[in-house]
Structure formats: C-alpha cells, structure tokens
Amino acid sequence: MEMMELINSILNEYNNQLLVPKLLVPFFMNEIELIIGIASHPNFTKLNKSWIKCPVDRMKYEELVERRIHELKEMQNNFWNKFCSDYMMNGDNKQQADRIIDKLSPLSSLQQHGIKDLIKSDSSDWFLNYLRLTLEWDDNRYMETVELINTILNEYRNQILVPKSLVKFFMVDVEQIIAIVSLPNFTDIDIMGIKSPEYKELIEKRIHELNRMKYDFWGNYCCDYMMDDGRIIKPTEQGDTLPDINQ
C-alpha cells in the first residue's frame, strides 16, 4: 500500500502535465510485469499458506492477491492509455506545449512541425495513422519519424522528465506498428501484386529496430538518465543491426 500511495502521489502531481518522471516508465513497463508474474504463479499462494492456519483467512489471502493483480493491471493500462494520452484534454497544456517547443534546438520548419505534432499528440499525419490507413510501409516516413523521436530523446536525455507522448509512442504505438506489419498478408500481397523479398526483409529489420528502440527507452534511457555518456539507438537507411548502447 505504501508503494501504491507513492506512485499515485506522483501520478496526481503530473496528471495534467505534458511531462512525466522517467522513473515511472520502468515501473509500469517492467516492475509491474515482474510483480504480476510472481504473484500469478500457482505456487505463490500455496507456499505462503503454511503460516495461515484458518481456512477462511487462506481464502481471503488468495482473494487479496487476485485483487491486487487486477488493480496493477488496471493501473498499468490506465497509465499507457489514459495518463499518457488524455493530458491534452486540459486546454492549458496547449500553451505549455508551445513553451516546450520553443525551448527545443533550432530545427527546420518540417522538423518543428513534426515535433509540435509529437508533443501535442494530435497529428493526423503520424506514422501509425498513415500505416493504419494505407497498410503500406513508407520507409522515408519511418526515417523522418525516428529522426524526430531522436531529437526529443536528445533534448530530454539528462533530465528527470520526458514528454508523455514519447512514452505513449514507445509503449503503445510501437506495439501497434509491429502488430500491423507482422500480419501474414502485410508483406505478401498488395494492390500492386506480389511484394519483393527485399520488402519483406526491410520490414523484418524495422521490427527488430523498433523492438530495440522500445526496450532501450525504458531499460536504459529512463533508468540511466543521470549518466551523460549514453547513445541513442538510430536506424540506418538499410535497416542494419542497431548498435549495442551498453558497449
């Protein structure tokens, strides 16, 4: 209960903000999964029954564990799909977003527009939306998207806060992108006919890159932000294997 009170106090503090503490990302992405995995193991409640003599208390203990697992899952889902998504419902955040954009390093007009869309999370031309509509991989659009992501990663690398929209991209959007392009028919047939083996190979490399970028985000970027010698994972034009940032 103490842990939940601490997490909820942080969530309440940043509920209507554009930024969120990085420390929440590994908690919701990894630590909750570990807690649920351990508590869901069939032997978890059985091993702890020895010190609970009363059958009624044993049943209450099992019900308590099940209830806490449900609470953690609901809390995790709300963090990704509400806390990191609905913050723009607050009109004051639009002005806050403009102030954040003004602080970013000088960029081309295209990059400025893209970053504004990312931070405000209201872009109709976002890569995921394009993919949903066309069911076609546009690698140039992908490269532009990742460049924008890396620009913001660089800007917040040594800070304790990160834009919520960036969290949503890595934790929600990336999963949806991978799910779409992993469909059997995605790389097999399109309206133009059979797709080339090179196209399939490119998709596989991009999936690998997206997975690496996602796990680097919560496993390194949101944990090692007090270090200033890290490197951002960047895709190559050919989709080559990404560098190991821990080397």
> Is a salt bridge present between R206 and E209, judged by a nitrogen-to-oxygen distance below 4.0 Å?
Replying inline: yes
> Which heavy atom in D138 sits nearest to a heavy atom in F127, and how many Å separate them?
Replying inline: O-CE1, 3.7 Å
> Can you check side chain to side chain contact (heavy atoms under 4.5 Å, CB included) on M29 and F217, steps first, answer last?
Replying inline: CA-CA 10 Å; M29 181 61 191; F217 176 71; over 6 Å; no
> Would V65 and V56 show up in the same hydrophobic cluster when neighbours are defined by side-chain heavy atoms closer than 4.5 Å?
Replying inline: no
>> Assess the residue pair I149 and F170 against the criterion (side chain to side chain contact (heavy atoms under 4.5 Å, CB included)); give the C-alpha distance rounded to whole Å, side-chain angles, the decisive distance to 0.1 Å, and a yes or no.
In response: CA-CA 10 Å; I149 293 294; F170 280 109; 3.5 Å; yes
>> In the structure I gave you, are the side-chain heavy atoms of M213 and H208 within less than 4.5 Å of one another anywhere?
In response: no
> Just how far is it from atom OG1 of T151 to atom CD of E155, taken to the nearest 0.5 Å?
Replying inline: 9.0 Å
> For the side chain of Y221 and the backbone of L153, is there at least one donor-acceptor N/O pair under 3.5 Å apart?
Replying inline: yes
>> Same cluster or not: M3 versus L23, using hydrophobic residues (I, L, V, M, F, W, Y) connected whenever any side-chain heavy atoms lie under 4.5 Å apart?
In response: yes
> Within the side chain of N78, is there an N or O that forms a donor-acceptor pair under 3.5 Å with the backbone of E74?
Replying inline: yes
> Can N211 and I178 be said to form a side chain to side chain contact (heavy atoms under 4.5 Å, CB included), step by step?
Replying inline: CA-CA 8 Å; N211 275 318; I178 293 175; 3.3 Å; yes
> Knowing that exactly one of M1, E63, K73 qualifies, which makes a side chain to side chain contact (heavy atoms under 4.5 Å, CB included) with R68?
Replying inline: M1
>> Over 60° means perpendicular and under 30° means parallel, so tell me whether F28 and W80 are parallel, tilted or perpendicular.
In response: perpendicular
> Between atom OH of Y156 and atom CG of L166, what is the distance when rounded to the nearest 0.5 Å?
Replying inline: 9.5 Å
> To the nearest 0.5 Å, what is the distance between SG (C222) and CG (L24)?
Replying inline: 9.5 Å
>> Check for me, please, whether Y199 and L183 land in the same ILVMFWY cluster - side-chain distances under 4.5 Å, paths through other members count.
In response: yes
>> Under 4.0 Å between a side-chain nitrogen and a carboxylate oxygen: does that hold for E204 and K200?
In response: no
> With distance as the sole test, does N12 use its side chain to make a donor-acceptor pair with the main-chain N or O of N8 at under 3.5 Å?
Replying inline: yes
> For the atom pair CG (D173) and OG1 (T145), what is the distance rounded to the nearest 0.5 Å?
Replying inline: 10.5 Å
>> With a 3.5 Å distance limit and no angle check, can you tell me whether K22 reaches the backbone of Q159 through a side-chain donor-acceptor pair?
In response: yes
>> Within the 4.5 Å heavy-atom criterion, are L131 and F186 side-chain neighbours or not?
In response: yes
>> Are Y142 and W137, when compared by the centres of their aromatic rings, separated by less than 6.0 Å?
In response: yes
>> Check this for me: Y215, atom OH, are more than 12 non-hydrogen atoms of other residues, nucleotides or ligands nearer than 6.0 Å?
In response: no
>> To the closest 0.5 Å, what do you measure between CD (E33) and CG (L72)?
In response: 10.0 Å
>> Contact between I180 and L135 at the side-chain level, heavy atoms closer than 4.5 Å - yes or no?
In response: yes
> Does any N or O in the side chain of K164 come within less than 3.5 Å of the main-chain N or O of N15, such that one atom is a donor and the other an acceptor?
Replying inline: yes
> Taking atom CE of M75 and atom CE of M4, what is their separation to the nearest 0.5 Å?
Replying inline: 3.5 Å
>> Quick check on the hydrophobic clustering: are M59 and L64 connected, directly or via other members, by side-chain heavy-atom contacts under 4.5 Å?
In response: no
>> Evaluate W218 against V167 for side chain to side chain contact (heavy atoms under 4.5 Å, CB included), listing each step before the verdict.
In response: CA-CA 9 Å; W218 71 261; V167 176; over 6 Å; no
> Where the side chain of S9 meets the backbone of L6, is there a donor-acceptor pair that is under 3.5 Å apart?
Replying inline: yes
>> Below 30° counts as parallel, above 60° as perpendicular, anything between as tilted: where do the rings of F79 and F83 land?
In response: parallel
> Minimum heavy-atom separation for I207 to S182, with atom names?
Replying inline: CD1-OG, 3.6 Å
> Does the side chain of I160 come within less than 4.5 Å of P21's, by heavy atoms?
Replying inline: no
